[in-house]
Asker: 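Take a look at this one; I'll ask things after.
In what follows, chains carry the letters A, B, and so on, assigned in the order in which the sequence lines appear, proteins first and then strands, with residues in each chain numbered from 1.
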Protein chains: 2
Amino acid sequence: MDNPDKKRILVVDDERQIRKLLRVILEGAGHAVHEAETGTVGLVEAAALQPDCVILDLGLPDMDGCVFLEKYREWSKTPVLVLSARHGEDDKVKALDLGAEDYLTKPFGAGELLARLRSVMRRNPHVAESPVVSFGDVEIDRSARTVRRGTQEVHLTSKEYALLCLLASHRGKVVTHRQILREIWGPNSEDQTHYLRVHMAHLRKKLESTPDTPRHLLTDAGVGYRLVD
Amino acid sequence: MDNPDKKRILVVDDERQIRKLLRVILEGAGHAVHEAETGTVGLVEAAALQPDCVILDLGLPDMDGCVFLEKYREWSKTPVLVLSARHGEDDKVKALDLGAEDYLTKPFGAGELLARLRSVMRRNPHVAESPVVSFGDVEIDRSARTVRRGTQEVHLTSKEYALLCLLASHRGKVVTHRQILREIWGPNSEDQTHYLRVHMAHLRKKLESTPDTPRHLLTDAGVGYRLVD
DNA sequence: CGCCGGCGTTAAGAAAGTGTTAAGTCCGTT
DNA sequence: AACGGACTTAACACTTTCTTAACGCCGGCG
(Lines give C-alpha, C1' and ligand atoms only; values in the text may rest on other atoms or scores of the structure.)
Protein backbone atom coordinates (compact mmCIF):
# COMPACT_ATOMS: atom_id res chain seq x y z
CA MET A 1 0.00 0.00 0.00
CA ASP A 2 3.02 2.28 0.26
CA ASN A 3 3.04 4.65 -2.65
CA PRO A 4 6.59 5.06 -3.88
CA ASP A 5 5.89 8.26 -5.78
CA LYS A 6 3.95 9.99 -3.11
CA LYS A 7 4.14 13.76 -3.62
CA ARG A 8 4.18 16.55 -1.09
CA ILE A 9 1.50 19.08 -1.89
CA LEU A 10 0.99 22.40 -0.17
CA VAL A 11 -2.53 23.83 -0.16
CA VAL A 12 -2.75 27.58 0.43
CA ASP A 13 -6.36 28.56 1.04
CA ASP A 14 -8.17 30.50 3.75
CA GLU A 15 -11.39 28.52 3.59
CA ARG A 16 -11.34 25.53 5.90
CA GLN A 17 -13.94 23.70 3.82
CA ILE A 18 -11.96 23.91 0.63
CA ARG A 19 -8.84 22.77 2.44
CA LYS A 20 -10.69 19.76 3.81
CA LEU A 21 -12.09 18.96 0.39
CA LEU A 22 -8.69 19.17 -1.24
CA ARG A 23 -7.17 17.04 1.49
CA VAL A 24 -9.70 14.29 0.90
CA ILE A 25 -9.22 14.34 -2.86
CA LEU A 26 -5.44 14.48 -2.76
CA GLU A 27 -4.91 11.97 0.02
CA GLY A 28 -7.30 9.68 -1.78
CA ALA A 29 -4.85 9.77 -4.66
CA GLY A 30 -1.99 8.87 -2.34
CA HIS A 31 -0.34 12.24 -1.80
CA ALA A 32 0.84 13.94 1.38
CA VAL A 33 -1.09 17.15 2.01
CA HIS A 34 0.07 20.17 4.00
CA GLU A 35 -2.05 23.24 4.63
CA ALA A 36 -1.46 26.96 5.03
CA GLU A 37 -4.22 29.41 5.82
CA THR A 38 -2.60 32.63 4.67
CA GLY A 39 -0.15 33.74 2.02
CA THR A 40 2.53 34.66 4.53
CA VAL A 41 2.35 31.30 6.23
CA GLY A 42 2.19 29.68 2.84
CA LEU A 43 5.51 31.16 1.76
CA VAL A 44 7.21 30.07 4.97
CA GLU A 45 5.73 26.59 4.71
CA ALA A 46 6.76 26.33 1.09
CA ALA A 47 10.34 27.17 2.02
CA ALA A 48 10.44 24.66 4.84
CA LEU A 49 8.58 21.88 3.10
CA GLN A 50 9.92 22.08 -0.44
CA PRO A 51 6.68 20.67 -1.82
CA ASP A 52 6.40 19.05 -5.22
CA CYS A 53 3.43 21.25 -6.08
CA VAL A 54 1.50 24.16 -4.59
CA ILE A 55 -2.24 24.63 -4.93
CA LEU A 56 -3.09 28.29 -4.43
CA ASP A 57 -6.40 30.03 -3.94
CA LEU A 58 -6.25 33.49 -5.48
CA GLY A 59 -8.62 34.96 -2.92
CA LEU A 60 -6.42 35.11 0.15
CA PRO A 61 -7.27 37.51 2.97
CA ASP A 62 -3.79 38.82 3.73
CA MET A 63 -2.15 38.88 0.36
CA ASP A 64 -3.38 38.83 -3.20
CA GLY A 65 -2.69 35.49 -4.81
CA CYS A 66 -0.74 37.21 -7.57
CA VAL A 67 1.58 38.76 -5.02
CA PHE A 68 2.14 35.32 -3.55
CA LEU A 69 3.03 33.98 -6.96
CA GLU A 70 5.39 36.84 -7.65
CA LYS A 71 7.25 36.41 -4.38
CA TYR A 72 7.34 32.65 -4.66
CA ARG A 73 8.74 32.77 -8.17
CA GLU A 74 11.64 34.86 -6.93
CA TRP A 75 13.25 31.76 -5.49
CA SER A 76 11.34 28.70 -6.58
CA LYS A 77 10.28 27.00 -9.77
CA THR A 78 7.96 24.55 -8.08
CA PRO A 79 4.75 24.34 -10.11
CA VAL A 80 1.75 26.27 -8.79
CA LEU A 81 -1.80 25.34 -9.64
CA VAL A 82 -4.10 28.31 -9.18
CA LEU A 83 -7.66 27.94 -7.93
CA SER A 84 -10.11 30.80 -8.20
CA ALA A 85 -13.77 31.68 -8.06
CA ARG A 86 -13.18 34.50 -10.52
CA HIS A 87 -13.97 33.63 -14.10
CA GLY A 88 -12.63 36.91 -15.42
CA GLU A 89 -10.09 36.59 -18.16
CA ASP A 90 -7.76 39.23 -16.75
CA ASP A 91 -7.13 37.24 -13.61
CA LYS A 92 -6.27 34.15 -15.57
CA VAL A 93 -3.92 36.02 -17.86
CA LYS A 94 -2.21 37.69 -14.94
CA ALA A 95 -1.75 34.50 -12.94
CA LEU A 96 -0.47 32.51 -15.89
CA ASP A 97 1.97 35.23 -16.84
CA LEU A 98 3.28 35.33 -13.31
CA GLY A 99 4.30 31.73 -13.69
CA ALA A 100 1.31 29.69 -12.61
CA GLU A 101 1.31 26.28 -14.24
CA ASP A 102 -2.43 26.03 -14.54
CA TYR A 103 -5.64 27.81 -13.62
CA LEU A 104 -8.83 26.16 -12.39
CA THR A 105 -12.08 27.96 -11.72
CA LYS A 106 -14.33 26.91 -8.87
CA PRO A 107 -16.36 24.85 -8.75
CA PHE A 108 -14.01 22.18 -10.03
CA GLY A 109 -14.37 18.43 -10.29
CA ALA A 110 -12.12 16.07 -8.36
CA GLY A 111 -11.26 14.19 -11.54
CA GLU A 112 -10.21 17.30 -13.39
CA LEU A 113 -8.11 18.52 -10.49
CA LEU A 114 -6.26 15.23 -10.29
CA ALA A 115 -5.81 15.08 -14.04
CA ARG A 116 -4.36 18.60 -14.15
CA LEU A 117 -2.12 17.71 -11.24
CA ARG A 118 -0.84 14.63 -13.04
CA SER A 119 -0.22 16.74 -16.10
CA VAL A 120 1.75 19.24 -14.05
CA MET A 121 3.77 16.50 -12.34
CA ARG A 122 4.48 14.66 -15.54
CA ARG A 123 6.25 17.60 -17.14
CA ASN A 124 8.04 18.59 -13.95
CA PRO A 125 10.32 15.67 -13.19
CA HIS A 126 11.78 16.93 -9.95
CA VAL A 127 13.58 20.13 -10.89
CA ALA A 128 14.09 20.89 -7.22
CA GLU A 129 17.27 20.93 -5.14
CA SER A 130 20.32 18.87 -5.95
CA PRO A 131 19.17 15.30 -5.59
CA VAL A 132 22.59 13.91 -4.75
CA VAL A 133 23.94 13.59 -1.20
CA SER A 134 27.27 12.08 -0.22
CA PHE A 135 29.26 11.05 2.84
CA GLY A 136 32.62 9.37 2.95
CA ASP A 137 32.96 7.53 -0.35
CA VAL A 138 29.22 6.93 -0.63
CA GLU A 139 26.98 8.90 -2.96
CA ILE A 140 23.18 8.81 -2.96
CA ASP A 141 21.36 9.93 -6.09
CA ARG A 142 17.78 10.47 -5.07
CA SER A 143 16.49 11.22 -8.55
CA ALA A 144 17.83 7.96 -9.93
CA ARG A 145 17.27 6.07 -6.68
CA THR A 146 20.78 4.65 -6.86
CA VAL A 147 23.72 4.47 -4.43
CA ARG A 148 27.38 4.31 -5.40
CA ARG A 149 30.36 3.52 -3.25
CA GLY A 150 33.45 4.87 -4.90
CA THR A 151 32.93 3.93 -8.51
CA GLN A 152 30.92 0.80 -7.81
CA GLU A 153 27.17 0.85 -7.69
CA VAL A 154 25.65 -0.75 -4.61
CA HIS A 155 22.29 -2.40 -4.70
CA LEU A 156 20.01 -1.54 -1.79
CA THR A 157 16.62 -3.07 -1.07
CA SER A 158 13.74 -0.66 -0.69
CA LYS A 159 13.78 -0.71 3.11
CA GLU A 160 17.53 -0.21 3.18
CA TYR A 161 17.26 2.68 0.77
CA ALA A 162 14.46 4.32 2.74
CA LEU A 163 16.44 3.96 5.93
CA LEU A 164 19.55 5.46 4.40
CA CYS A 165 17.63 8.39 2.92
CA LEU A 166 15.96 9.10 6.21
CA LEU A 167 19.27 9.20 8.07
CA ALA A 168 20.87 11.24 5.30
CA SER A 169 18.16 13.86 5.44
CA HIS A 170 19.00 14.39 9.11
CA ARG A 171 22.74 14.16 8.58
CA GLY A 172 24.67 14.57 11.85
CA LYS A 173 21.55 14.45 13.98
CA VAL A 174 20.20 11.51 15.89
CA VAL A 175 17.02 10.00 14.55
CA THR A 176 15.19 8.07 17.24
CA HIS A 177 14.04 4.50 16.89
CA ARG A 178 10.42 5.54 17.00
CA GLN A 179 10.89 8.21 14.36
CA ILE A 180 12.49 5.77 11.96
CA LEU A 181 9.95 3.05 12.59
CA ARG A 182 7.06 5.44 12.20
CA GLU A 183 8.40 6.85 8.91
CA ILE A 184 9.30 3.59 7.26
CA TRP A 185 7.19 0.88 8.86
CA GLY A 186 4.22 2.99 9.86
CA PRO A 187 2.82 4.02 13.22
CA ASN A 188 1.76 0.46 14.08
CA SER A 189 5.34 -0.76 14.25
CA GLU A 190 6.81 1.91 16.50
CA ASP A 191 8.29 -0.60 18.94
CA GLN A 192 9.70 -3.19 16.58
CA THR A 193 13.25 -2.01 17.23
CA HIS A 194 14.67 -5.34 16.12
CA TYR A 195 13.80 -4.43 12.51
CA LEU A 196 16.32 -1.63 12.83
CA ARG A 197 19.07 -3.83 14.13
CA VAL A 198 19.00 -6.19 11.21
CA HIS A 199 18.53 -3.58 8.53
CA MET A 200 21.25 -1.37 9.98
CA ALA A 201 23.55 -4.38 9.95
CA HIS A 202 22.80 -4.90 6.26
CA LEU A 203 23.39 -1.24 5.46
CA ARG A 204 26.71 -1.20 7.29
CA LYS A 205 27.82 -4.37 5.57
CA LYS A 206 27.13 -2.76 2.22
CA LEU A 207 28.40 0.75 2.88
CA GLU A 208 31.06 0.67 5.61
CA SER A 209 34.59 -0.54 4.93
CA THR A 210 34.74 -1.91 8.50
CA PRO A 211 31.15 -2.87 9.32
CA ASP A 212 32.02 -3.88 12.88
CA THR A 213 33.48 -0.45 13.72
CA PRO A 214 31.21 1.84 11.73
CA ARG A 215 32.49 5.29 10.88
CA HIS A 216 29.37 6.82 9.36
CA LEU A 217 26.33 4.87 10.47
CA LEU A 218 26.54 5.31 14.21
CA THR A 219 24.50 3.94 17.08
CA ASP A 220 23.29 6.00 20.02
CA ALA A 221 22.43 3.26 22.46
CA GLY A 222 18.91 3.48 23.79
CA VAL A 223 18.10 6.44 21.54
CA GLY A 224 18.54 5.89 17.85
CA TYR A 225 20.94 6.12 14.93
CA ARG A 226 22.69 8.89 13.06
CA LEU A 227 24.74 9.41 9.97
CA VAL A 228 27.93 11.48 10.10
CA ASP A 229 30.58 12.35 7.53
CA MET B 1 6.84 43.06 -36.90
CA ASP B 2 9.72 40.71 -36.30
CA ASN B 3 8.96 38.83 -33.15
CA PRO B 4 11.99 37.27 -31.51
CA ASP B 5 9.77 34.69 -29.85
CA LYS B 6 7.96 33.90 -33.04
CA LYS B 7 6.70 30.35 -32.89
CA ARG B 8 5.41 27.91 -35.45
CA ILE B 9 1.93 26.89 -34.42
CA LEU B 10 -0.18 24.23 -36.07
CA VAL B 11 -3.93 24.58 -35.81
CA VAL B 12 -5.90 21.38 -36.32
CA ASP B 13 -9.59 22.20 -36.67
CA ASP B 14 -12.28 21.37 -39.20
CA GLU B 15 -14.23 24.61 -38.85
CA ARG B 16 -12.98 27.27 -41.20
CA GLN B 17 -14.28 30.05 -38.98
CA ILE B 18 -12.37 28.89 -35.91
CA ARG B 19 -9.22 28.52 -37.96
CA LYS B 20 -9.58 32.06 -39.22
CA LEU B 21 -10.20 33.34 -35.72
CA LEU B 22 -7.17 31.55 -34.34
CA ARG B 23 -5.06 32.80 -37.22
CA VAL B 24 -6.00 36.39 -36.47
CA ILE B 25 -5.32 36.03 -32.75
CA LEU B 26 -2.05 34.17 -33.14
CA GLU B 27 -0.64 36.21 -35.98
CA GLY B 28 -1.61 39.30 -34.05
CA ALA B 29 0.72 38.02 -31.36
CA GLY B 30 3.47 37.51 -33.91
CA HIS B 31 3.37 33.79 -34.45
CA ALA B 32 3.46 31.79 -37.66
CA VAL B 33 0.24 29.87 -38.15
CA HIS B 34 -0.27 26.68 -40.15
CA GLU B 35 -3.60 24.98 -40.61
CA ALA B 36 -4.83 21.43 -41.02
CA GLU B 37 -8.44 20.52 -41.57
CA THR B 38 -8.40 16.91 -40.50
CA GLY B 39 -6.55 14.73 -38.03
CA THR B 40 -4.80 12.72 -40.69
CA VAL B 41 -3.52 15.81 -42.45
CA GLY B 42 -2.64 17.26 -39.05
CA LEU B 43 -0.34 14.37 -38.20
CA VAL B 44 1.43 14.63 -41.55
CA GLU B 45 1.77 18.38 -41.22
CA ALA B 46 3.04 18.06 -37.68
CA ALA B 47 5.74 15.65 -38.81
CA ALA B 48 6.80 17.89 -41.67
CA LEU B 49 6.57 21.20 -39.86
CA GLN B 50 7.89 20.30 -36.40
CA PRO B 51 5.80 23.04 -34.84
CA ASP B 52 6.52 24.55 -31.43
CA CYS B 53 2.95 23.98 -30.36
CA VAL B 54 -0.21 22.33 -31.68
CA ILE B 55 -3.70 23.66 -31.06
CA LEU B 56 -6.16 20.84 -31.45
CA ASP B 57 -9.94 20.82 -31.67
CA LEU B 58 -11.27 17.65 -30.10
CA GLY B 59 -14.23 17.50 -32.45
CA LEU B 60 -12.60 16.42 -35.67
CA PRO B 61 -14.65 14.75 -38.40
CA ASP B 62 -12.23 11.99 -39.41
CA MET B 63 -10.56 11.11 -36.13
CA ASP B 64 -11.35 11.64 -32.50
CA GLY B 65 -9.09 14.24 -30.96
CA CYS B 66 -7.93 11.77 -28.37
CA VAL B 67 -6.80 9.38 -31.06
CA PHE B 68 -4.84 12.20 -32.63
CA LEU B 69 -3.17 12.88 -29.31
CA GLU B 70 -2.35 9.26 -28.75
CA LYS B 71 -0.78 8.85 -32.15
CA TYR B 72 1.08 12.12 -31.94
CA ARG B 73 2.50 11.29 -28.52
CA GLU B 74 3.99 8.12 -29.89
CA TRP B 75 6.77 10.12 -31.43
CA SER B 76 6.58 13.71 -30.27
CA LYS B 77 6.62 15.65 -27.03
CA THR B 78 5.59 18.93 -28.63
CA PRO B 79 2.98 20.57 -26.39
CA VAL B 80 -0.62 20.26 -27.47
CA LEU B 81 -3.28 22.72 -26.37
CA VAL B 82 -6.72 21.18 -26.62
CA LEU B 83 -9.78 23.16 -27.60
CA SER B 84 -13.23 21.77 -27.10
CA ALA B 85 -16.88 22.64 -26.95
CA ARG B 86 -17.43 19.85 -24.47
CA HIS B 87 -17.42 20.92 -20.85
CA GLY B 88 -17.64 17.38 -19.54
CA GLU B 89 -15.02 16.42 -17.03
CA ASP B 90 -14.34 13.05 -18.59
CA ASP B 91 -13.14 14.59 -21.80
CA LYS B 92 -10.76 16.87 -19.97
CA VAL B 93 -9.35 14.08 -17.86
CA LYS B 94 -8.87 11.87 -20.89
CA ALA B 95 -7.16 14.51 -22.96
CA LEU B 96 -4.86 15.61 -20.17
CA ASP B 97 -3.88 12.04 -19.36
CA LEU B 98 -3.07 11.42 -22.99
CA GLY B 99 -0.50 14.15 -22.73
CA ALA B 100 -2.31 17.37 -23.59
CA GLU B 101 -0.61 20.35 -22.00
CA ASP B 102 -3.77 22.31 -21.43
CA TYR B 103 -7.49 22.22 -22.08
CA LEU B 104 -9.66 25.19 -23.08
CA THR B 105 -13.40 25.11 -23.48
CA LYS B 106 -15.11 27.15 -26.16
CA PRO B 107 -15.95 29.95 -26.14
CA PHE B 108 -12.55 31.19 -25.07
CA GLY B 109 -11.10 34.66 -24.87
CA ALA B 110 -8.19 35.73 -27.01
CA GLY B 111 -6.32 36.92 -23.97
CA GLU B 112 -6.66 33.64 -22.13
CA LEU B 113 -5.63 31.64 -25.16
CA LEU B 114 -2.47 33.70 -25.56
CA ALA B 115 -1.70 33.55 -21.86
CA ARG B 116 -2.04 29.76 -21.80
CA LEU B 117 0.11 29.58 -24.88
CA ARG B 118 2.81 31.69 -23.23
CA SER B 119 2.61 29.48 -20.16
CA VAL B 120 3.02 26.37 -22.29
CA MET B 121 5.93 27.88 -24.20
CA ARG B 122 7.69 29.16 -21.12
CA ARG B 123 7.97 25.74 -19.52
CA ASN B 124 8.89 24.07 -22.77
CA PRO B 125 12.15 25.87 -23.52
CA HIS B 126 13.14 23.93 -26.62
CA VAL B 127 13.22 20.40 -25.27
CA ALA B 128 14.53 19.36 -28.65
CA GLU B 129 16.12 16.15 -27.42
CA SER B 130 17.64 14.02 -30.09
CA PRO B 131 15.10 11.71 -31.65
CA VAL B 132 17.57 8.85 -31.61
CA VAL B 133 18.91 7.20 -28.45
CA SER B 134 20.99 4.08 -28.12
CA PHE B 135 22.25 1.66 -25.48
CA GLY B 136 24.37 -1.41 -26.00
CA ASP B 137 23.74 -2.48 -29.58
CA VAL B 138 20.19 -1.14 -29.62
CA GLU B 139 19.17 2.07 -31.34
CA ILE B 140 15.81 3.79 -31.02
CA ASP B 141 14.70 6.26 -33.67
CA ARG B 142 11.76 8.12 -32.23
CA SER B 143 10.98 10.13 -35.33
CA ALA B 144 10.69 7.00 -37.44
CA ARG B 145 9.34 4.93 -34.56
CA THR B 146 11.79 2.15 -35.32
CA VAL B 147 14.20 0.12 -33.23
CA ARG B 148 17.31 -1.57 -34.55
CA ARG B 149 19.51 -4.10 -32.86
CA GLY B 150 22.88 -4.12 -34.50
CA THR B 151 21.97 -4.00 -38.14
CA GLN B 152 18.69 -5.83 -37.81
CA GLU B 153 15.42 -3.99 -37.35
CA VAL B 154 13.29 -5.23 -34.48
CA HIS B 155 9.53 -5.01 -34.50
CA LEU B 156 8.04 -3.74 -31.26
CA THR B 157 4.34 -3.53 -30.48
CA SER B 158 3.03 -0.16 -29.39
CA LYS B 159 3.07 -0.98 -25.68
CA GLU B 160 6.56 -2.40 -25.91
CA TYR B 161 7.72 0.67 -27.77
CA ALA B 162 6.09 3.05 -25.31
CA LEU B 163 7.67 1.18 -22.42
CA LEU B 164 11.09 1.27 -24.00
CA CYS B 165 10.83 4.99 -24.79
CA LEU B 166 9.75 5.78 -21.28
CA LEU B 167 12.68 3.94 -19.76
CA ALA B 168 15.05 5.44 -22.32
CA SER B 169 13.97 8.96 -21.50
CA HIS B 170 14.97 8.32 -17.89
CA ARG B 171 18.14 6.45 -18.75
CA GLY B 172 20.00 5.30 -15.63
CA LYS B 173 17.16 6.28 -13.36
CA VAL B 174 14.66 4.01 -11.74
CA VAL B 175 11.14 4.48 -13.05
CA THR B 176 8.58 3.24 -10.55
CA HIS B 177 5.83 0.79 -11.40
CA ARG B 178 3.19 3.43 -10.80
CA GLN B 179 4.92 5.95 -13.01
CA ILE B 180 5.12 3.54 -15.90
CA LEU B 181 1.57 2.32 -15.50
CA ARG B 182 0.24 5.85 -15.22
CA GLU B 183 2.08 7.02 -18.32
CA ILE B 184 1.28 4.09 -20.56
CA TRP B 185 -1.89 2.51 -19.25
CA GLY B 186 -3.44 5.55 -17.59
CA PRO B 187 -4.03 6.44 -13.97
CA ASN B 188 -6.77 3.86 -13.54
CA SER B 189 -4.30 1.02 -13.97
CA GLU B 190 -1.69 2.16 -11.48
CA ASP B 191 -1.63 -1.16 -9.66
CA GLN B 192 -1.73 -3.60 -12.54
CA THR B 193 1.92 -4.49 -12.10
CA HIS B 194 1.48 -7.78 -13.91
CA TYR B 195 1.22 -5.88 -17.20
CA LEU B 196 4.78 -4.78 -16.63
CA ARG B 197 6.04 -8.25 -15.98
CA VAL B 198 4.85 -9.68 -19.25
CA HIS B 199 5.77 -6.72 -21.39
CA MET B 200 9.20 -6.43 -19.83
CA ALA B 201 9.71 -10.11 -20.58
CA HIS B 202 8.81 -9.48 -24.22
CA LEU B 203 11.14 -6.50 -24.44
CA ARG B 204 14.03 -8.41 -22.91
CA LYS B 205 13.45 -11.34 -25.23
CA LYS B 206 13.64 -9.00 -28.20
CA LEU B 207 16.46 -6.73 -27.08
CA GLU B 208 18.75 -8.56 -24.66
CA SER B 209 21.26 -11.13 -25.81
CA THR B 210 20.70 -13.07 -22.56
CA PRO B 211 17.10 -12.35 -21.58
CA ASP B 212 17.37 -14.30 -18.33
CA THR B 213 20.30 -12.20 -17.07
CA PRO B 214 19.46 -8.78 -18.48
CA ARG B 215 22.28 -6.27 -18.83
CA HIS B 216 20.30 -3.18 -19.79
CA LEU B 217 16.70 -3.60 -18.76
CA LEU B 218 17.08 -4.01 -15.02
CA THR B 219 14.63 -4.73 -12.21
CA ASP B 220 14.56 -3.03 -8.83
CA ALA B 221 12.38 -5.36 -6.82
CA GLY B 222 9.46 -3.63 -5.19
CA VAL B 223 10.27 -0.33 -6.87
CA GLY B 224 10.43 -0.34 -10.63
CA TYR B 225 12.63 -0.79 -13.68
CA ARG B 226 15.48 1.10 -15.25
CA LEU B 227 17.55 1.15 -18.39
CA VAL B 228 21.34 1.37 -18.17
CA ASP B 229 24.06 1.32 -20.80
C1' DC C 1 31.33 -12.79 39.54
C1' DG C 2 26.82 -13.37 37.42
C1' DC C 3 22.77 -11.19 35.83
C1' DC C 4 20.51 -8.04 32.73
C1' DG C 5 19.22 -5.08 28.94
C1' DG C 6 20.41 -3.29 24.61
C1' DC C 7 22.91 -4.28 20.51
C1' DG C 8 25.01 -6.91 16.37
C1' DT C 9 25.08 -11.04 13.72
C1' DT C 10 23.42 -14.89 11.43
C1' DA C 11 20.34 -18.10 9.49
C1' DA C 12 15.91 -20.05 8.37
C1' DG C 13 11.14 -19.50 7.36
C1' DA C 14 7.43 -16.45 5.63
C1' DA C 15 5.88 -13.12 2.56
C1' DA C 16 6.15 -10.37 -1.27
C1' DG C 17 7.52 -9.64 -5.68
C1' DT C 18 9.08 -11.38 -10.32
C1' DG C 19 9.70 -14.24 -14.79
C1' DT C 20 7.61 -17.32 -17.83
C1' DT C 21 4.33 -19.64 -20.37
C1' DA C 22 0.02 -20.40 -22.24
C1' DA C 23 -4.66 -19.71 -22.82
C1' DG C 24 -8.35 -16.23 -23.41
C1' DT C 25 -10.16 -11.79 -25.33
C1' DC C 26 -10.54 -8.06 -28.31
C1' DC C 27 -10.27 -5.85 -32.68
C1' DG C 28 -9.47 -4.92 -37.29
C1' DT C 29 -8.72 -7.41 -41.83
C1' DT C 30 -9.60 -10.49 -45.37
C1' DA D 1 -16.87 -16.23 -40.53
C1' DA D 2 -12.10 -17.08 -40.03
C1' DC D 3 -7.66 -15.28 -39.23
C1' DG D 4 -3.79 -12.90 -37.04
C1' DG D 5 -1.73 -9.65 -34.07
C1' DA D 6 -1.67 -7.43 -29.74
C1' DC D 7 -3.06 -7.14 -25.31
C1' DT D 8 -5.01 -9.15 -20.96
C1' DT D 9 -5.51 -12.58 -17.59
C1' DA D 10 -4.32 -16.57 -15.09
C1' DA D 11 -1.35 -20.08 -13.22
C1' DC D 12 2.95 -21.75 -11.54
C1' DA D 13 7.87 -21.80 -10.44
C1' DC D 14 11.28 -19.03 -8.91
C1' DT D 15 13.92 -15.12 -6.62
C1' DT D 16 14.39 -11.40 -3.58
C1' DT D 17 13.18 -9.15 0.42
C1' DC D 18 11.36 -9.04 5.02
C1' DT D 19 10.42 -10.96 9.43
C1' DT D 20 11.40 -13.75 13.18
C1' DA D 21 14.10 -16.22 16.33
C1' DA D 22 18.34 -17.76 18.36
C1' DC D 23 22.77 -16.74 20.09
C1' DG D 24 26.93 -14.13 21.48
C1' DC D 25 29.00 -9.83 22.82
C1' DC D 26 29.62 -5.86 25.76
C1' DG D 27 29.17 -2.66 29.69
C1' DG D 28 26.76 -1.49 33.96
C1' DC D 29 25.41 -2.91 38.40
C1' DG D 30 24.19 -5.51 42.40
Asker: Round to a whole Å and report the spacing from NZ of B/Lys159 to P of D/dT8.
Answerer: 5 Å
Asker: Tell me whether the side-chain N/O atoms of B/Trp185 come closer than 4.0 Å to OP1 or OP2 in D/dT8.
Answerer: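 So the side chain of B/Trp185 is within the cut-off, an N or O lying under 4.0 Å from OP1 or OP2 of D/dT8.
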Asker: May I ask you to say what B/Tyr225 touches in the nucleic acid, namely base, sugar-phosphate or nothing, with a heavy-atom cut-off under 4.0 Å?
Answerer: sugar-phosphate
Asker: Between B/Val11 and B/Leu22, which heavy-atom pair has the shortest distance, and what is it?
Answerer: CG1-CD1, 3.5 Å
Asker: Which residues in residues 202-219 of chain B have a heavy atom closer than 4.0 Å to any atom of DNA chain C?
Answerer: B/Arg204, B/Lys205, B/Asp212, B/Thr219
Asker: Residues two or more places apart in sequence or in another chain: which of them pass side-chain contact (heavy atoms from CB on, under 4.5 Å) with B/Val228?
Answerer: B/Leu218, B/Arg226
Asker: Nearest of D/dT19, D/dT17, D/dT9 to any side-chain atom of B/Tyr195?
Answerer: D/dT9
Asker: With heavy-atom distances below 4.5 Å as the criterion, would you say the side chains of A/Leu207 and A/His216 are in contact?
Answerer: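 A/Leu207 vs A/His216: side chains apart.
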Asker: For the side chain of A/His199, counting heavy atoms from C-beta on, which of D/dT19, D/dA6, D/dT9 is nearest?
Answerer: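 Closest nucleotide to the A/His199 side chain: D/dT19.
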Asker: If you look at every strand shown and take non-hydrogen atoms under 4.0 Å, does A/Ser158 touch a base, only sugar-phosphate, or nothing?
Answerer: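 Sugar-phosphate, no base atom in range.
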Asker: For A/His155 and D/dC18, what is the distance between atoms NE2 and C1' respectively, to the nearest whole Å?
Answerer: 13 Å
Asker: Does a side-chain N-to-carboxylate-O contact under 4.0 Å join B/Glu153 and B/Arg148?
Answerer: no
Asker: Would you kindly give the CG-to-P distance between B/Leu196 and D/dT9, to the nearest whole Å?
Answerer: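 The answer, rounded to whole Å, is 13 Å.
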Asker: Tell me, please, the opening and closing nucleotides of DNA chain C, 5' to 3', among those with an atom under 4.0 angstrom from a non-hydrogen atom of chain B.
Answerer: C/dG17 to C/dT21
Asker: Expected output is a numbered-order residue list: members of residues 167-180 of chain A with a heavy atom under 4.0 Å from any atom of DNA chain D. What is it?
Answerer: none
Asker: Starting at atom CZ of B/Arg197, determine the distance to atom C1' of D/dT16, rounded to an integer number of angstrom.
Answerer: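 Spelled out: CZ on B/Arg197 to C1' on D/dT16 is 13 Å.
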Asker: Just checking, is any N or O donor in the side chain of A/Thr78 or A/Arg8 under 3.5 Å from an acceptor N or O on the other one?
Answerer: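 No, no side-chain donor-acceptor pair sits under 3.5 Å.
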Asker: Check whether any side-chain N or O of A/Ser189 sits under 4.0 Å from OP1 or OP2 of D/dT19, and answer yes or no.
Answerer: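 Checking D/dT19 against A/Ser189, no side-chain N or O comes under 4.0 Å of OP1 or OP2.
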Asker: Examine D/dA22: is either OP1 or OP2 under 4.0 Å from a nitrogen or oxygen in the side chain of A/His194? Give yes or no.
Answerer: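 Answer no for this pair, as no side-chain N or O of A/His194 is under 4.0 Å from OP1 or OP2.
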Asker: Applying side-chain contact (heavy atoms from CB on, under 4.5 Å), name anything that partners B/Ala85, two or more places apart in sequence or on another chain.
Answerer: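 B/Ala85: side-chain contact (heavy atoms from CB on, under 4.5 Å) contacts with B/Lys106.
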Asker: Going by the rule side-chain contact (heavy atoms from CB on, under 4.5 Å), which residues pair with B/Thr157 if we only count those two or more places apart in sequence or in a different chain?
Answerer: B/Lys159, B/Glu160, B/Lys206
Asker: Answer yes or no for A/Arg145 and A/Tyr161: cation-pi contact, defined as NZ/CZ to six-membered ring centre under 6.0 Å and angle to ring axis within 45°.
Answerer: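 Yes, cation above the ring, under 6.0 Å and within 45°.
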Asker: Can you confirm whether A/Arg215 is buried at CZ, in the sense that more than 12 heavy atoms of other residues, nucleotides or ligands lie under 6.0 Å from that atom?
Answerer: no
Asker: Would you mind reporting whether B/Asp97 and B/Pro187 have side-chain heavy atoms less than 4.5 Å apart?
Answerer: yes
Asker: Among B/Asp57, B/Leu104, B/Leu69, whose side-chain contact (heavy atoms from CB on, under 4.5 Å) with B/Val82 holds?
Answerer: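 With B/Val82 as partner, side-chain contact (heavy atoms from CB on, under 4.5 Å) holds for just one option, B/Leu69.
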Asker: Can you tell me how far P of D/dC18 sits from OH of A/Tyr161, to the nearest Å?
Answerer: 14 Å
